[in-house]
Amino acid sequence: MIRGYAVRLAAVALAAALTATACSGGDDPPTRPEPVAGGAAALPGPAPAGLALRPPPSGAPGAPAVTGALTDGSPVVLADLWADRPVVLVFFTSWCTLCAARQAALGELARRHSDEVVFVGVAAEDKPEDVQRYLREHRVGYPVALDAGGGIWRSYAVREPPAVVVIAKGGALLRGWPGGVDATTLDAELRRLVLAP
């Protein structure tokens, strides 16, 4: 009796496995996982040859040369990024309503200036899965560091989101906006501070 039950159970398991294989196509290649939003794939390539930039003003303080980890765990060194071109740091959280309201326009500005300026998001006080949801929902195309301990935020004196910082090529700290900034104003400041006419 027990043996007959075991044989029937094995037959049912085999049929289920064959059906699952047939339904899934069996020979289909495995699907690749979707890249992690804000990870190393979002880092820019080399700066274009002949990129025309304004020199930083003399006496500008140096920006904190911090390191961090992107959303996919890849390391990011800010000094490596600003060695090639200016950097805009966007400090945010997934639960910040003002961050969300301004994100689409900031993302468009980042795409428009992608050859000239590197945008980097810095998320703190947040869960990685909530940051991923935010990045996908708002189609953020630039790299994002997860600042779990808040060290990057503290280095730039950020107390609450949003905040935006502009750093010149070479690392001079040019401008910051506690409370964030709208894309139109940021675009005008990039043209005034770092982008050659």
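This structure is a prediction, so every number in the text was calculated from the model and none was measured.
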Minimum side-chain heavy-atom gap Val131-Leu146 below 4.5 Å: yes
Common cluster, Val90/Leu70, ILVMFWY with side-chain heavy-atom separation under 4.5 Å: no
Pairwise side-chain contact, Arg54 with Pro197, heavy-atom cut-off 4.5 Å (strictly under): yes
Cluster check Leu190, Leu193: I/L/V/M/F/W/Y, side chain < 4.5 angstrom: yes
Aromatic ring pairing Phe91/Tyr156, orientation class (parallel under 30°, perpendicular over 60°, tilted between): tilted
Side-chain (Asp147) to main-chain (Ala123) donor-acceptor, under 3.5 angstrom: no
Closest heavy-atom pair and its distance - Ala42, Gly141: CB-O, 3.5 Å
Taking every non-hydrogen atom, the tightest pair across Val76 and Ala145: CG1-CB, 4.3 Å
Asp187 CG to Glu108 CD distance, which is reported to the nearest 0.5 Å: 10.0 Å
Within 6.0 Å of CD in Glu137, more than 12 heavy atoms from elsewhere: yes
Nearest-0.5 Å distance, CG of residue Leu53 to CG of residue Leu51: 4.0 Å
Criterion side chain to side chain contact (heavy atoms under 4.5 Å, CB included) on Tyr134 and Phe92, from CA distance to verdict: CA-CA 10 Å; Tyr134 177 93; Phe92 74 98; 3.6 Å; yes
Residue of the set Val120, Val165, Val194, Leu186 for which side-chain contact (heavy atoms from CB on, under 4.5 Å) holds with Val88: Leu186
Leu174 side chain reached by Pro57 side chain, heavy atoms, under 4.5 Å: yes
Donor + acceptor pair across side chains of Thr185, Asp182 (<3.5 Å): yes
Cluster link Ile152 to Phe119, ILVMFWY, side chain under 4.5 Å: no
Val164 reachable from Leu195 in the ILVMFWY side-chain graph, under 4.5 Å edges: yes
Asp126 and Ser94 side chains, donor-acceptor separation under 3.5 Å: yes
Evaluation steps, side chain to side chain contact (heavy atoms under 4.5 Å, CB included), between Val140 and Gln103: CA-CA 8 Å; Val140 176; Gln103 185 58 61; 3.7 Å; yes
Audit row: Glu189, Arg175, salt bridge (Lys or Arg N to Asp or Glu O under 4.0 Å) steps and yes/no: CA-CA 9 Å; Glu189 286 295 283; Arg175 181 78 202 265; 3.1 Å; yes
Short side-chain to backbone donor-acceptor contact, Ser155 and Gly151, under 3.5 Å: yes
Atom pair CZ (Arg133) and NE2 (His138), whose distance is rounded to the nearest 0.5 Å: 7.5 Å
Interatomic spacing from CG in Leu43 to CG in Asp72 - rounded to 0.5 Å: 8.5 Å
Asp84 vs Lys169, side chain to side chain contact (heavy atoms under 4.5 Å, CB included): CA-CA, chis, key distance, verdict: CA-CA 6 Å; Asp84 279 346; Lys169 177 181 175 181; 5.8 Å; no
Under 3.5 Å: donor-acceptor pair, side chain of Thr71, backbone of Ala37: yes
Test item: Val166 and Val87 side chains (from C-beta on) under 4.5 Å apart, heavy atoms: no
Full working for side chain to side chain contact (heavy atoms under 4.5 Å, CB included) between Glu125 and Trp153: CA-CA 10 Å; Glu125 302 175 4; Trp153 279 38; 4.2 Å; yes
Spacing of CH2 belonging to Trp82 relative to CG belonging to Leu89, to within rounding of 0.5 Å: 8.0 Å
Whether Arg85 side chain and Glu116 backbone form a donor-acceptor pair below 3.5 Å: no
Single-linkage hydrophobic cluster Val36~Tyr142, side-chain heavy atoms < 4.5 angstrom: no
Atom pair CD1 (Ile167) and CG (Leu78), whose distance is rounded to the nearest 0.5 Å: 6.0 Å
Within 6.0 Å of CZ in Arg111, more than 12 heavy atoms from elsewhere: yes
